[in-house]
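We count residues from 1, following the sequence as given.
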Amino acid sequence: MRISTEVDALYIQLADDILPGESVKNESFRVRTRNLEVIFDFSVDDHLLGIEILGGWGLLKD
């Protein structure tokens, strides 16, 4: 898991290594009750590579 406090994002990498250009499509969803956006990164053959959570830093505080 990578955390970027500058842009308030968490990234959970599910694949061992994600090469440049390997994540070719993504789907995003808004979680209105927490003001989050969750983005799923997929490979060309629809394998889930990683999950990014924007606005997620507050989930880890305290």
| task | Apply side chain to side chain contact (heavy atoms under 4.5 Å, CB included) to Asp16 and list each qualifying residue two or more places apart in sequence or on a separate chain. | result | none
| field | Within one Ile-Leu-Val-Met-Phe-Trp-Tyr cluster: Val24 and Ile51, side-chain cutoff 4.5 Å | value | no
| remark: Minimal heavy-atom distance between Leu49 and Phe42, with the atoms involved, is CD1-C, 3.9 Å
| Is Tyr11 linked to Phe29 within one hydrophobic cluster, defined over Ile, Leu, Val, Met, Phe, Trp and Tyr using a side-chain heavy-atom separation of less than 4.5 Å? | no
| said: Quick one: does any side-chain atom of Ser43 pair with a main-chain N or O of His47 as donor and acceptor, under 3.5 Å? | reply: yes
| note | Across all chains, not counting sequence neighbours, the salt bridge (Lys or Arg N to Asp or Glu O under 4.0 Å) partners of Asp46 are Lys25
| field | Linked, directly or transitively: Ile12 and Leu54 (ILVMFWY side chains, under 4.5 Å) | value | no
| field | CD1-CZ distance between Ile39 and Arg30, expressed to the nearest 0.5 angstrom | value | 9.0 Å
| request: Evaluate the side-chain contact (heavy atoms from CB on, under 4.5 Å) criterion for residues Leu10 and Glu52: first the C-alpha distance (whole Å), next the side-chain angles of each, then the deciding distance (0.1 Å), finally the verdict. | output: CA-CA 6 Å; Leu10 305 173; Glu52 184 173 21; over 6 Å; no
| query | What pairs with Glu22 under side chain to side chain donor-acceptor pair (under 3.5 Å), at least two apart in sequence or on another chain? | reply | none
| note | Taken to the nearest 0.5 Å, the spacing of Asp41 CG from Ser28 OG works out to 10.5 Å
